[in-house]
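These numbers come from a predicted model, not from an experiment.
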Amino acid sequence: MKVIPLGTSSGKPTLRRSVSALAVAREAEWLLFDCGEGTQTQVVRAGLSPSRLTAVFITHLHGDHFNGVAGLLSTMGMDRRTRDLILAGPAGIREYLEVLQRLRVVFVTYPLELKELNSLTSPSAVYETLQYTVTAAGLDHRLFALGYRIDERPRPGRFDVDRARDLGVPEGPLWGRLQAGEEVRLDNGRLIRSPDVLGSPRPGKSVAYCLDTRPCANSVKLAQGVDLLIHEATFTDEFAVEARQYGHSTAAQAARTALDAGAKRLVITHFSTRFADLSPLLEEARAIFPDTILAQDLMEIEV
Ligand SMILES: [Zn+2]
Ligand SMILES: [Zn+2]
């Protein structure tokens, strides 16, 4: 998986930072988490193709996370998308889209599967494919907000070509069956089992996305043992009172969540425009959770 922050500014865009959006790119598809205004431009800059977008997950209905949805959906209609699209987020997105479609502001000409998510007091699976699961849980913001987590399923171990040859398995369909976990019998009567030629299963990777929240138990649950946690850090601890008041986290609080959850790496994002220099946020987080980086628009993070 590759994680690409498309917007890292809180509330409004700056010349260097767009508002919240983040792409998680997998083999032939990508998922979008939040879609602030201007996300379409960032998608083009990141070299992502809207036709390969599978699903959009919105955290909450504040404009800096949501105002780009109408434009993105319309562009995909204009591009004659035929593939279906999942759009998940808090209750309200259906009504919003219905109004815009009635007013002919938005044209959706492809199958759009809306998933309105309510309360979710503990992490629950909201979207599953053969390759991964997306889980969501309610966080603690000024209005209902969701955090998300994506877990890839474990992949089979690597096929050991030399070992297969040594065991006398001829190249061809038998290799495929062994890779699929079956056992095969050779012409000489010898039985070969899948584990004889496959390495141990490779664990899937996981990413959690906790934006616009005060520190809360569900953030820690969503981030449990995750390979990469993307967490908001709107302020430094100096502004802890404002953070609490506006339903946000400080960099230190984001770091503590990563630490409590046993996350492997932390990316902080959603920076208040009051900080021209972000190094105090990074220092504050690293003092608690050393493996922290600052999100930059369009950077690519390999997971
Ligand atoms: Zn926000
Ligand atoms: Zn918000």
Specify whether H60 and H65 have parallel, tilted or perpendicular ring planes, treating 30° as the upper limit for parallel and 60° as the lower limit for perpendicular.
tilted
With a 4.0 Å cut-off on N to O distance, would you call [X] and [Y] a salt bridge?
X: E128; Y: R153; answer: yes
X: D151; Y: R149; answer: yes
X: E302; Y: K2; answer: no
X: E29; Y: R26; answer: yes
X: E171; Y: R165; answer: yes

If you link ILVMFWY side chains whenever their heavy atoms are less than 4.5 Å apart, which other residues fall into the same cluster as V184? By chain and number, please.
F159, V161, L167, V169, L174, W175, L178, L186, I192, V197, L198
Which hydrophobic side chains are connected to L139, either touching it within the sub-4.5 Å cutoff or through other members that do?
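L222, all in the cluster of L139.
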Does either side chain, that of [X] or that of [Y], offer a donor lying less than 3.5 Å from an acceptor on the other one?
X: Q40; Y: T75; value: yes
X: S51; Y: S49; value: yes
X: D34; Y: T59; value: yes

Do the two ring centres, one from [X] and one from [Y], sit under 6.0 Å apart?
X: F235; Y: F271; answer: no
X: F33; Y: F57; answer: yes
X: H270; Y: H248; answer: yes

Scan for salt bridge (charged side-chain N to carboxylate O under 4.0 Å, His left out) pairs involving residues 236-259, sequence neighbours excluded, and state none if there are none.
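Those involving residues 236-259 do not exist here.
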So which heavy atom on K205 is nearest to which on D227, and how close?
CA-OD2, 3.3 Å
